[in-house]
Structure formats: structure tokens, C-alpha cells
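The structure appears right after this line, and notes come after that.
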Amino acid sequence: MFTNLLLFSLILQYARVWIPDPEEVWKSAELLKDYKPGDKVLQLRLEEGKVGLYVKSEELPPLRNPDILVGENDLTALSYLHEPAVLHNLKVRFIDSKLIYTYCGIVLVAINPYEQLPIYGEDIINAYSGQNMGDMDPHIFAVAEEAYKQMARDERNQSIIVSGESGAGKTVSAKYAMRYFATVSGSASEANVEEKVLASNPIMESIGNAKTTRNDNSSRFGKYIEIGFDKRYRIIGANMRTYLLEKSRVVFQAEEERNYHIFYQLCASAALPEFKTLRLGNANYFHYTKQGGSPVIDGVDDAKEMVNTRQACTLLGNFDSYQMGIFRILAGILHLGNVEFASRDSDSCPKNDPLTIFCDLMGVEYEEMAHWLCHRKLATATETYIKPISKLHAINARDALAKHIYANLFNWIVDHVNKALHSTVKQHSFIGVLDIYGFETFEINSFEQFCINYANEKLQQQFNMHVFKLEQEEYMKEQIPWTLIDFYDNQPCINLIEAKMGILDLLDEECKMPKGSDDTWAQKLYNTHLNKCALFEKPRLSNKAFIIKHFADKVEYQCEGFLEKNKDTVYEEQIKVLKSSKFKLLPELFQDEEKVLSPTSATPSGRVPLSRTAVKPAKARPGQTSKEHKKTVGHQFRNSLHLLMETLNATTPHYVRCIKPNDFKFPFTFDEKRAVQQLRACGVLETIRISAAGFPSRWTYQEFFSRYRVLMKQRDVLGDRKQTCKNVLEKLILDKDKYQFGKTKIFFRAGQVAYLEKIRADKLRAACIRIQKTIRGWLMRKKYVRMRKAAITIQRYVRGYQARCYATFLRRTRAAITIQKFQRMYVVRKRYQCMRDATIALQALLRGYMARNKYQMVRNHSVLPLHSNFISTYLRGMKLLCGVHLGTPSENLGCDFLSVYLQLLLNFLRLLESQLQSQKKSHENELESLRGEIQSLKEENNRQQQLLAQNLQLPPEARIEASLQHEITRLTNENLVRAMMLLEQAWGLADLSIHMYNYLGKLQLQCITVSSEFMDDKIMCVCSSQELKPRGVAVNLIPGLPAYILFMCVRHADYLNDDQKVRSLLTSTINGIKKVLKKRGDDFETVSFWLSNTCRFLHCLKQYSGEEGFMKHNTPRQNEHCLTNFDLAEYRQVLSDLAIQIYQQLVRVLENILQPMIVSGMLEHETIQGVSGVKPTGLRKRTSSIADEGTYTLDSIIRQLNSFHSVMCQHGMDPELIKQVVKQMFYIIGAVTLNNLLLRKDMCSWSKGMQIRYNVSQLEEWLRDKNLMNSGAKETLEPLIQAAQLLQVKKKTDEDAEAICSMCNALTTAQVTKLSLLGFLDFAKHSRTLRKLLEIMTVL
């Protein structure tokens, strides 16, 4: 009841569903109205905008998965597990993402792109090597790595089963799997076994592959290749078993098809000198190669392919001497096909020329072969008759002989390939690669399709049982109550075919009848199985056909030809003629015919498969050989198939299902109808159905908590994650049958994750609306406050301006009145003063005059002269005062006085001016200095104000941190000044040290002279001993001590002029260092220690033994200590090469140490907690080969970098060399991180880009702390930085595409395109932007 309610709650308005469509199989639509129980019709809107009605059948239409699951790399991670979801997910990945691989639980689905993709190089192999299967994007290399790892871990043989239609890419997938094993494991010997394993591919393709209407390189046989490994899991050899070669193709090809490639390769190489004796010509000349009318494959050069085939034969070794013999037999088959028969009443006779060539090539008698091509021997109980045969029977006999020769040659080649790949080393384990035909159904289906579909029934049964077993193991491991899952068991169909009185049994019985025919066999089938077996049916309009209901589809088989193909009749007389051939190779093809297990399989050479007991053959009875020779094809195929199933059941299988996207070989074109047919046939949908029947969605508790933390309240979060998840689920999903709690995971039934996603989306939508409401309100309030503040500010400034204008007007009016007042006062006062002065003067003169007159009258004439003089003097004075010149002698006196006075005044003015100039100049200088101080104070004030403003905007904790940072900067600047002073002092001390070392050198030289032989032995013991501990030398003694000691020995030998001692010393030193590094070459401290000392010793030799570039910087005192007797240029070169080798070894050591940390620390670990959301992981995580031994973080990487740096510094390594090592380390970190980012879609998100940028900033901070910013290490991280930025930028418009191109100049076009594709959730929505981006990148 709850399930229905849950389903109804999801079928609401705007819910997206899938509806059937005759063209596209399934179409997406959106509900326009809520569904209510009882509704018969659903109102829908299709994606193209059309509105329609959907008449509901018994079940509701399937729901679409949430957007978060679109393009998921594991189909079992989909919440809704059904056919449309699987089809849509594959289409999105194939068309939009250009990804051809997808997981489906334990199955890898591979879609043929019909295009060469750059995803199979050695760098990709190295990227997948050592990785868990669920950690990387789906790939055939991931399946191969999983098989290889499980073989080493579980010590159990493995199998990779590759199946699919013709043209689906089976052969290519199997080839790449073998290439992976050959590259990763290497060879246990120097014989390059892995190259031989790969070399078998072109040979088998040339003799077993052909062009069909569906595939240009279709395998026309099934093969199982066992790749053997020793105890160290290195390839030691291989063994191949083949199944059901399509022999009929040798003599007949349908329209637009070809015979096997080897025939056309021979014809294309007919002009070669060594092929002249084969008398070959154009492919259109031979009957067996021209029937299809398509002798040439576009883009394939048969002559070049012939060269590759011959090179492969040469590489295998034992084929080289047989090449021409093989080609001779193949040419003979072509000439045999041109043999024509002329009717002669009731018998026939062959024409001469082609048969003559055939007999010459085969080394047989012409008369015998011509006779037995036209006659047949009949044996009765008493007599033997030779009977002529008709032309039709002669042609059939010729074709049967050609097929038989080719089949035996095929078996012989397979047998010799196995011998070439066989190893004398005992095999410890193997990985088998099965490349076998998929389920086939055509308009006319015959014996070959019957056997192929029979094999697929057996493989499907084994696949179902394995999937069922894995499900059961997973439930038991997690302690989940196990309930029986109902799945399709095709055992009834297998019984119909192979059981007693089954189809094969009746066919073999009919073949033994003297007058057996296809019609009588069909009647026996009808009588035995019709209306008795539900899987067997009879066509309505035919009495010569039957129908079998296979697991994939119904198939109608035509009975015509079944008996003939099952008998595989060849006249024994013709075989005897071939066995009597003078050509040695030809009889070899037929001598062991009775031992062959199947018509197209070679007996495994030199080994017995696992779980198979060797059966001792019984003693042969007379006449038994011919009976064994006539064992039917069906019987042999059934036996070989049983052996194959025994081998597969004894191994751990891995499945690769190849899908053919379209029938026209168009690249990246997806035909939904063809894809669905193959998905149903290959068992992918059955896997989905079995998964959906149980608990298909599995989440760890941490993943569930991280994803659905938004659905929990604070009080619901407990310290125990498991209990927290239980409490939340009980509230969210009421029906407890919809989920189960395991030990480490939560198991959900189908649809529950989508339900939780809907609740989560609703919660986030409500939260988003609330956030939007709050933010919009805050923005509006902020805008209002800003506008109000701006209005008040404008008003304030306007009113202030008006007030200032009015005040200015008042001040100007008041000033005008004041000026007028003072001006008027001045004019009146001046007028008054003038009048007053004039009046006083007149009064004075008049009163004086009157007084004088009165006085004169008293004195009369006695004082008259004196009075006259006084008046004249007074008048002159007045004249002088008034400026009136009377021409008296006093005028000259006044002029002299005035000139003197003016001269003094000028001198005084000049003095004042000079003093003024000096004062002005001093004041200007002082003013300039004050202005400079004011400017600096202003700048400091502005900087402090800016810093204060920034600090005020920060929270209190950040203010403290900023203040501390400012103080640290100030102290750093002071320290730099002091460091410069210390550096100058250090240089002085260095000069003193040089002098001291020179004196010590002289002293040590004298000491060494006294006991040279003793010191040589001791020094060699110290420097070359494997027990020398780098840490003790670096910490307790002088860094580079071994190098200094060695150089002192060289100087001593030079002083003694002992050439033998110098050579012995340097050779022993080099060999000793190599010996130490060979023994302890994986220890970083050891390698770093000897790299430092080797470089130090090399630099000493260069400085003191004639290296111009070093000696030109020597002081005269240093030049006195240069070597005088020997030129060590040769040894300097050897030491330089040794230093380079040690450096490369150091890089390998640190790469091995850093490699396991990089992906976990840089990509997987969440340095910024809570930024990234977890996506469902599906079933793939459960197949992880190695349990987590501890998660590495970014701190782990930084601690390791600190360890490396401190070790190198302790050893006194040259700073430039340290910079180079650090640059190499950062290059490794950036390259590994970027490669894994490109291979993992789950890592290409905005949040992961933020994580990566934060991690890179921490690495840059480490460089800054170690003063290594100028080492070039930061530049090596630029591609990774740009990749992280690319994940975060917008990718919607053409401008965004141009910005991406200008920003990502360190990334290639392929990398930018791949990251852009992986970073999109809605590919169709942004396809135009992607095209624009690709166009711009191509132009640039």
C-alpha cells in the first residue's frame, strides 16, 4: 500500500516520465496534471513542446531519474532501474560526452565509436595501473586491472568474457585487454613474451577475420586466450583455444562481403619475387575471392597488412621457416576454387590449368586428384565400387575439400602459435580472454547461428548465476536478510538443445541414417518437442523450419543444410591423395586429425586446464579411426563448449558487453532500436532486473550523511553516524521494507533514492526561496538606505552651498561698506588735514609776521639785520622743506647730502636684499624638506587609514590576523635588512674560512704524506661502505664530508704524482657509490646523500682541475691549490653522468613515495569541509580490490615535502639542485592530479575546482615559506590551476568560450574540451557553447 502511495506521490504535475515511441523506443515527457488513482489518461507535454494524451495501461509510465544521475558512469547507480533509463544514460554518455564505456554493475558496456580515440596510449595504461575499479572512469583497462589485481590478491585464475554482435568491437576490446596485460606485467624472461602474445593478434586476424556487411574486421571464430603468469605475476606464455570457424566463407561470400583477409593480402603481394611461384593475380581473378564483389576495404592497404602479418610470424620465431609453405597452401586453395567441371552425361571432368597449378603447389599427382574430384568410392560388405559423380556433386566435393584444407591449416597455425607462446617455466596462474560471437538473428538462420546462440545460452546462464552469486555475497557480507530473487533461468532452453532427445541429439541421430535428410529431421523435431516444450514452436507457413524462444528473442531456423553442415563430409580418397603429397607441410595438416577436439580448436599444447582430469584413451579398435573422423560438428562443438564452461566456472569472470550503435558504421551515431535489441540480448537488462529486484542502491553511512545532512535538524545529528542515519530514515521512509541497514552501507530498493532526492530538492528549493526572499529584502533595504543617505548627502551639500553663497554675499556687502567707510573717511580726513595744516601754517606765519612787526617797532632799526637773516634762513628752510629751490649756495650742500644719503640707503637696501635672498633660500629648502615629510606622512596616513578601513570591515578574528600579518610584514622587512648585514658578515667569514681550509689542507696534506697508504684504505672504507649512515654524517659532521675527504685524497695523489693511485681512487669511488645505490636505491635519504656528495665532489674537481667556467671565479690563493699533474676531464664526465643517474633515481624514489598520496590528497580528500556533495556510487564500489589502508590528505603531502626538503638541506645539497628537485616534485603532483581529473567525471565539478585551487594555494604557501618561489615549481602547476578555473567559470555564451580560450593557454584543446564535457550536467543545453569553444581552440 505504501509503495503505491509513494509512487502516486511522485506522479505529480511537472514530473518527468518515459512513454513508448515506435521510432525512438522511448520518449521523455512532462506531466501537465497530477495523477490520481483511477485516471485512465495522462496529460503530457513532450520535449519538443507537443501536448498529448497517454492512455495508461496496467502500469504507470516509468519515471525519469533526477538530473544529478544523468550521465552516471554506473547504470546501477540510477535510482529508477528500467530500460528507458539505461538507454537514455548510455545515449547521453555516448553522444554528448563522447564516452564509450559505462559500468552496469559487474559488466562493462562498450559502445563501438567507429572512430579512433586517443584513450589507449601508454600514459592511459599507467594512469589505470594500480587503481581500484570504481575510482576511475569506466574503461577496458579498468576491467583488465581488476582481473590482474584479483589474480594476484586472491591467487585465483581470472576470465574476461567479451561478447557482442559482429561489428560491436569485441576483437578490439580483447586486443586492448591483452595489450594492457603485456604492458603492465612485463616479461619474466628476456624473450619478450608479451610482444609474442601481441604478435599473435595480426596472424589470427588475417586467417580468421573477414569483412562483413556489419563489420570490416569481423572475427569469424570464437577464441579463448589464456595468458599465463609466474609467481611474480609476469607473463610467461599464452595458450589459445578456438571455436566454430566459419568454414563456409572460404567458398562462398554474400554480397558486399569478403573472404578471409589472408587471401586478399596474398593477391595484393603477388608481385613480390618470392611469390612468383605461387602464380597469383588480382583478387577478382579467383572464384573464392570475387563472389562478394567488394575486394577492397576503404582505408586498408592489404599489401601493408601482409607485411605486418609476415613480421608477426617472424617475431613468433617458429613460423619463419613455415611462412612460404603456408602461403603455398593458401594459394593452392585459391587455384582449387577456379577448377571448373564440364558435364559429360552423368559424370564430370575438371579443366586442366587451375587444377595443374593446384597439384604443383600441393605436390600431388595430377591424375589421382583429377580422378577423385570426379569419382567416389562406394564400399559394401563384399565389394568396392568406384562411381562417377555429377557436376553439382563434383563442385560440392571441391568446395568441401577447400574448406577442409583451410580448417586444418587454421588448426595447424593455432597449434604452432600455442607452441611459440608456450613456456618451459611452470605456470602459476592465468587470465583468460574470451572473444566470442554474440547472440545472432538474421532473416535466414542456419546451423552456424544455431551453434552461436546455443553458446550464448550457456554463457548467459553462467552470467546470471554469477550475478546472482555476487548479490548474495554482498548481502551476506553486510548481514542483510537474504530473500530469494526471481530471475530468468534458461536451463529449459539449454535442455531443449543439448539434453537427451534434444535438437542436437536428434540431429546426430539423423546424420547416422543412410537416407537421412533435413525434412525427416524436421518431422522428428515436430513429433518430439512440438506442443510438449513451451520454448519450441513451428512456423505456420513452413514445414522445414522451427522456432526457439531464446533468452534474448525468438529465432526461426531453416532446417535446410543442417545435416550437411553437421556431417562436414569430405571424401576420404581426396584426403589420402593429399596425405601422399611430396610437400612436407601438407601431410602434417592431416596426421593428427582424429585427435582434434573440435573442427576449429587445437589441443592445448603442453598443459592441462584447471579442474579437468586427463582421461586415458582406450585402446583403438579396428575401424574406430574412420568413425572418430566422422564425429559430427555439433557433437564436437558441444564438447568444446562444456570444456569452456568448466574453465570459466573455475575462474573469476569479468564481463565486457560490446554494443553496436548503428548498422551504417557512422561515428558517434546512436540508433535506439538497435541498441535496445543488443541490451536485451547481452544480458545488461537482466543484470538491471536482478539488481532492481533486491536493493540496487547502496550508500555508505558517511555518503548518506553528507548527501542528506540538509534533511536533518541539529538535534538529530549524533556522534554516531550510523544511528543518525537510522533515525532520519525512519522519519523519511515509513515502510521499513524499502531499506535495510548493513554493517557499512544502507541498502535501498528501486526508487527510494529518487524519493529522497525529491525531498532533498524540495527542502533546498524552500531554503533557496527563503534565502532569495531574505537576500532580496536585504538588497532592497540596503538600496533604500543608500538612496536615503545619498539624498540626505545631496541635500546637505546643496544647503551648504546655498548658505556659503549667502555668507559670501554678506561678507562682500560688509566689506564693500567698510571699504566705502574708510575711503570716505580718508578723503575727508585728508582734506581736513590739508586745510588744518594750511590754516596752522598761515596762522603761524601771520602771527610771526605780526610779532616780528611788533618787535621791530620796539627795536626799531637795531635788530633789523638779524631779523632779516633769521627770516631768510627760515624761508630757505621752508623752501627746502617745501621743495622750492631758490638758487642759493645751500642748494649744492643739500644735493651732496642727499646723494650721500641715497648712496647709504642703496647700500643698506643691497645688504637687506642679500640677507633676504639667503633667508628666502634657506626657507625654501626648509619648506621643501617639510613638504617631503608632509607627503610621506600623508602616504603613511592614507595607508594606515586604508588598513584600518579594511580591518574594520573584517570580523574580530580576521582583524587580529590582519594586524599580526601587518606586524609580520614589518618585522620581515627589518629582518631582510638585518639579513643583508649578516650576509655581508657571512661573506667575510667565508673568505676567512677559505683561508682556514687552505691552511688545514696544507696541514692535512702533510699528515697524509706521512701515512698515505693507511689513509687511502680508511677513506675508501668510509666513502664506499654500505654501512655509512647519511643521517649521522649530515647531523653530526660537516655536510659533504665524504666529498671533501675524497678530494683531499685526490690532491694528495696529485701531490705525489701517482697516476695509478688517482685512477684507482676515482674508479673505486664511482663503483662504491653505484654499489650502495643498487642496494639501497629505494631509500630517499641514501640517494639524496650520495647525490649531494657526488655533486660536491664533482664541483671540487671542476674548480681545482682545469674547468674554465669554474676556475675563472677562483681567487689567486685558490688557484695555488689547483691540481698540477693530472687532467681529470674524463673522470669529470663520468662523475657528471653518475650524478645525472643518481638524480633520475632520486626522482623515481620520490615519485614512488608521492604517487599513492597525490590523488587522495589533491582530489578525493575534502580540505574545505562541506563544499562538495556526494553522488550515488552504484554497485561498482563494492568490487574495490584493495581495502582502504588509510586516507592521505593534503597535510600528508606537505609533511612529505617538508621531509624531502629538510633531508636535502641537511645533506648540504646545492640550492639550485634543490630547486630542480622541488620543481620535479611539483610537476609530478600537477601531472598526476590533472590526468586523474581528466579520467574521472565525478571529480569535474565546481566544488572540486574550489578544492583544487585551495590545495594549490597551500602548495604555493609552502614554496613561499621555503623561499622557493623562484624555482619554477609554481609554473608547473599552471595547467592544474587553469583546469580548476575551467571547472568554475561560466560556459554559456560565446564570450565565455573566448574567455576560456584566453585563460587556458597551458592546456591543450583536447584537455579543455574533455574538462568542459565532463563539467556539464546538461550537455544538450550547452552543446552550442562547446562547439564554439572547440572552434576557437582549433583556430588558436
Side-chain angles (χ1 to χ4, degrees), residues 73 119 121-132 134-137 139 141-142 145 1147-1148 1150-1168 1171-1172 1188 1190-1202 1204 1221-1263 1268 1271-1289 1300 1303-1308 1310-1319:
N73 62 9
I119 59 174
E122 192 168 344
D123 53 341
I124 304 296
I125 293 178
N126 295 331
Y128 276 88
S129 177
Q131 299 292 332
N132 292 332
D135 293 342
M136 306 288 284
D137 270 358
H139 202 288
F141 292 160
E145 171 63 22
V1147 172
R1148 286 195 296 271
L1150 63 86
E1151 182 176 2
N1152 293 335
I1153 297 173
L1154 287 174
Q1155 187 82 27
M1157 302 181 180
I1158 295 174
V1159 177
S1160 178
M1162 293 294 292
L1163 287 178
E1164 295 176 349
H1165 179 68
E1166 290 191 14
T1167 316
I1168 308 175
V1171 173
S1172 61
D1188 293 337
T1191 304
Y1192 292 105
T1193 64
L1194 181 64
D1195 293 335
S1196 305
I1197 298 177
I1198 293 178
R1199 283 196 299 270
Q1200 192 62 56
L1201 294 178
N1202 285 327
F1204 289 152
V1221 173
V1222 170
K1223 181 179 179 181
Q1224 190 67 34
M1225 287 191 297
F1226 273 63
Y1227 174 78
I1228 293 170
I1229 293 174
V1232 173
T1233 306
L1234 182 59
N1235 288 338
N1236 279 270
L1237 186 66
L1238 291 168
L1239 293 172
R1240 297 181 61 174
K1241 182 179 184 297
D1242 58 317
M1243 292 294 170
C1244 295
S1245 62
W1246 180 90
S1247 57
K1248 189 57 63 177
M1250 178 181 291
Q1251 294 275 9
I1252 294 173
R1253 292 185 70 177
Y1254 176 78
N1255 294 340
V1256 171
S1257 68
Q1258 294 298 303
L1259 294 177
E1260 292 177 357
E1261 187 65 28
W1262 184 84
L1263 288 174
L1268 295 171
S1271 64
K1274 179 183 176 183
E1275 287 71 16
T1276 62
L1277 297 176
E1278 191 63 29
L1280 182 59
I1281 295 172
Q1282 293 182 5
Q1285 292 173 342
L1286 179 59
L1287 294 177
Q1288 292 186 286
V1289 299
I1300 289 172
M1303 177 184 69
C1304 301
N1305 54 358
L1307 298 175
T1308 64
Q1311 290 171 338
V1312 173
T1313 307
K1314 182 71 178 291
L1315 286 172
S1316 300
L1317 286 170
L1318 295 178

Name each donor-acceptor pair under 3.5 Å that joins a side chain in residues 1193-1200 to protein atoms two or more places apart or in another chain, with its distance.
from: T1193; atom 1: OG1; to: D1195; atom 2: N; distance (Å): 3.4
from: T1193; atom 1: OG1; to: S1196; atom 2: N; distance (Å): 3.4
from: T1193; atom 1: OG1; to: S1196; atom 2: OG; distance (Å): 3.4
from: S1196; atom 1: OG; to: T1193; atom 2: N; distance (Å): 3.3
from: S1196; atom 1: OG; to: R1199; atom 2: NH2; distance (Å): 3.4

Show every donor-acceptor pair shorter than 3.5 Å between a side-chain atom in residues 1228-1235 and any protein atom, with sequence neighbours excluded, or say none if there are none.
from: T1233; atom 1: OG1; to: I1229; atom 2: O; distance (Å): 2.6
from: N1235; atom 1: ND2; to: A1231; atom 2: O; distance (Å): 3.2

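Residues passing the side chain to side chain contact (heavy atoms under 4.5 Å, CB included) test with E1260 are V1256, R1264, K1274, I1281, sequence neighbours excluded. Applying the ring pair (Phe, Tyr, Trp, His ring centres under 6.0 Å) rule to Y128 yields the partners H139; only residues at least two apart in sequence or on another chain are considered. Residues that satisfy the side chain to side chain contact (heavy atoms under 4.5 Å, CB included) test with S1257, not counting sequence neighbours, are Y1254. For E1151, there are no salt bridge (Lys or Arg N to Asp or Glu O under 4.0 Å) partners two or more places apart in sequence or in a different chain.
Summarising the geometry, atom CE belonging to M1250 is positioned 11.5 Å from atom CG belonging to L1287; distances are rounded to the nearest 0.5 Å. To the nearest 0.5 angstrom, L1280 atom CG is 10.0 Å from Q1285 atom CD. The CD1 atom of I124 sits 8.5 Å away from atom CG of L1238, with the distance rounded to the nearest 0.5 Å. Between R1253 atom CZ and Q1282 atom CD the span is 11.0 Å, to the nearest 0.5 Å. Here the straight-line distance linking atom CD of Q1258 with atom CG of L1201 works out to 12.0 Å at 0.5 Å rounding. Note that the OG atom of S129 and the CD atom of E122 stand 11.0 Å from one another [nearest 0.5 Å].
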Report the C-alpha separation of L1150 and F1204 in whole Å, then their side-chain angles, then the decisive distance to 0.1 Å, and conclude whether the side chain to side chain contact (heavy atoms under 4.5 Å, CB included) test is met. CA-CA 8 Å; L1150 63 86; F1204 289 152; 3.9 Å; yes
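Shown here for A1283 and L1237, the closest heavy-atom pair between the two residues is CB-CD2, 4.1 Å. When all heavy atoms of V1222 and L1268 are compared, the pair lying nearest together is CG2-CD1, 3.8 Å. Summarising the geometry of G1249 relative to A1284, their closest heavy-atom pair is O-CB, 3.6 Å, with the distance given to 0.1 Å. Taking all atoms of both residues into account, the shortest heavy-atom contact from M1162 to N1255 is O-ND2, 3.0 Å. The shortest non-hydrogen separation linking L1239 to A127 is CD1-CB, 3.5 Å. Residues T1276 and Y1227 come closest through the heavy atom pair OG1-N, 3.6 Å.
With hydrogens and angles disregarded, a donor-acceptor distance shorter than 3.5 Å links the side chain of E145 to the backbone of G130. Side-chain atoms of S1160 do not come within 3.5 Å of backbone N or O of M1157 as any donor-acceptor pair. Side-chain atoms of N73 never come within 3.5 Å of backbone atoms of D137 as a donor-acceptor pair (strictly under, hydrogens ignored).
Here the side chains of N1202 and W1262 are in contact, with some heavy-atom distance below 4.5 Å. Counting only heavy atoms from C-beta outward, the side chains of L1163 and I1252 approach each other to under 4.5 Å.
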